[in-house]
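Numbering of ligands and ligand atoms starts at 1, following listing order.
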Amino acid sequence: MPKALKGMKDIIPQDAAMWQRFESASRGIFHTFGYREIRTPILEETALFVKSIGGETDIVTKEMFSFKDRGERDISMRPEGTAPIARAYLEAGFHNTEMFQKLYYIGPMFRAERPQAGRMRQFHQIGAEAIGSSHPALDAEVIALMAKILDGCGIKDYRIRVNSLGCAEDKKRLSKALKDDLSGKKVLLCDDCKTRIKVNPLRVMDCKKDSCRDAVRGAFRAIKLLCEGCVKHFDSVKARLDDIKVSYVTDQYIVRGLDYYTGTVFEVSHPALGAQDALGAGGRYDNLIKDLGGPEISATGFALGMERMLIAAGGGKFGEKPENRLAAYIATIGVEAERRGFEIVNALRVSGVKCDMDYEGKSLKAQMRSADKLGARFVIIIGEDELARDEVTLRDMESKEQVSVKLPDLVKRITGKIC
Ligand code: HAM
């Protein structure tokens, strides 16, 4: 029997209810904050991710699903949403028309990581990108927006940590200082990090190995990280967060595993996630649009991992949304009644009544059980007697009251009670 690929999962109807809740809560909040939806393709040119995320990052070197298409072009499945949105922003010409854009997205991303709880090969992100301003209030806004979405999805006890990586100049200085310091401590570093200090020293900060981490933290403490402008910007971001009462802690070791970041960066973690504790993350990327061939345009954004949000929300046992429940279930006895039932079910649907009937030849008792399982408020019973009288029996599953109803009155009777 065919199986889903490793690290990829079906979302079956029982689970979909929770996904729908997260999506609709997030959409509502995005709209409140003035963000508009953008949808970009799953496939992009591989070069887009190499240029933006960085050629030496784990995502690009080890985790992308990349292949050559029939025209021998290098294609990748998107591992994240920021680079495709920056591309789409330029391709739509927003930089010439409406430079300031607040965009959001919800959709699947792909990374060939080793699957474990909260780490999938196809996962889903809810994210936002605010492009066109370097204002510190915008950094605070995206962090507040991320927190509001977590609140709106019923997730508690999350922790936001913020840091500033500084501008491109600061990053260069930090990179050189790390290289100088760590070159003298190579024995402490893993093989990957030995290469990283040669090609992209900042990437040693992503290493999870204890000895590398200790070496990096030691080096870090000795380095003055930020220029005056970046200190001022970061202070202003924090002051704004204080003003609007968003809780956070400052953590100078947040570096992020993608090269495009500059300035404010942040992560949100949750205790239910264990080793994979990042619920979401984001930050500024003031050089990305330019690096992709556009003008100098500042931007910031974040993405939350939906699978991890589900874990943080307690596993997603929230049941069916009330609005997905049936208003009516048609239970019939005999061939003629089933035929009339089919007619009624279709007429009710035309009137916008959510309803269904049996297609498996079940007994009346089994049909009543189905109605109950589907949360139907009414059961419309049709047997020989009802056919003869040109009526139906309408059972209210809440009050258990049962009445005979003429067909022309049926819709009014049902909608009158449920609306
Ligand atoms: P990221 O930190 O790579 O950032 O991913 C953001 C979130 O996606 C993670 O915190 C995690 O919840 C989720 N995630 C990542 N990989 C996986 C996986 N294999 N399985 C399950 N969940 C995963 C970005 O993607 C940036 N584009 C965020 C951003 C937007 N920065 C600025 N704007």
Please tabulate, one pair per line, all N/O donor-acceptor pairs under 3.5 Å involving side-chain atoms of residues 287-302, not counting sequence neighbours.
residue, atom, partner, partner atom, Å
Thr300, OG1, Gly283, O, 3.3

Present, as a list of atom pairs with distances to 0.1 Å, all nitrogen or oxygen contacts under 3.5 Å between ligand 1 and the protein.
residue, atom, partner, partner atom, Å
ligand 1, 2 (O), Arg256, NH1, 3.3
ligand 1, 2 (O), Arg256, NH2, 2.7
ligand 1, 3 (O), Arg111, NH1, 3.0
ligand 1, 3 (O), Arg111, NH2, 2.8
ligand 1, 4 (O), Arg256, NH2, 3.0
ligand 1, 5 (O), Gln125, NE2, 3.3
ligand 1, 8 (O), Gln125, NE2, 3.1
ligand 1, 10 (O), Ala278, O, 3.4
ligand 1, 10 (O), Gly280, N, 3.3
ligand 1, 12 (O), Ala278, O, 3.0
ligand 1, 12 (O), Leu279, O, 2.9
ligand 1, 12 (O), Gly305, N, 3.2
ligand 1, 16 (N), Arg111, NH1, 3.4
ligand 1, 19 (N), Glu113, OE2, 2.6
ligand 1, 19 (N), Met120, O, 2.8
ligand 1, 20 (N), Met120, N, 2.9
ligand 1, 25 (O), Arg111, NH2, 3.2
ligand 1, 25 (O), Gln125, NE2, 3.0
ligand 1, 27 (N), Glu80, OE1, 2.6
ligand 1, 27 (N), Thr82, OG1, 2.8
ligand 1, 27 (N), Tyr260, OH, 3.0
ligand 1, 31 (N), Tyr261, OH, 2.6
ligand 1, 33 (N), Thr82, OG1, 3.2
ligand 1, 33 (N), Glu129, OE1, 2.8
ligand 1, 33 (N), Glu129, OE2, 3.1
ligand 1, 33 (N), Phe302, N, 3.3

Mind running salt bridge (Lys or Arg N to Asp or Glu O under 4.0 Å) on Arg256 and Glu267 for me, showing each step along the way? CA-CA 9 Å; Arg256 313 286 301 116; Glu267 282 183 3; 3.4 Å; yes
Without hydrogens or angle criteria, can the side chains of Arg27 and Tyr104 be said to hold a donor-acceptor pair below 3.5 Å? yes
A cation-pi test, strictly: NZ or CZ of Arg121 under 6.0 Å from the centre of the six-membered ring of Phe65 and no more than 45 degrees from its axis. Yes or no? no
I'd like to check the side chain to side chain contact (heavy atoms under 4.5 Å, CB included) partners of Asn346; sequence neighbours left out, ordered by chain and number. Phe342, Arg349
Name each donor-acceptor pair under 3.5 Å that joins a side chain in residues 122-133 to protein atoms two or more places apart or in another chain, with its distance.
residue, atom, partner, partner atom, Å
His124, ND1, Glu307, OE2, 2.8
Glu129, OE1, Tyr285, OH, 2.6
Glu129, OE2, Thr82, OG1, 3.0
Glu129, OE2, Tyr105, OH, 2.8
Ser133, OG, His135, N, 3.0

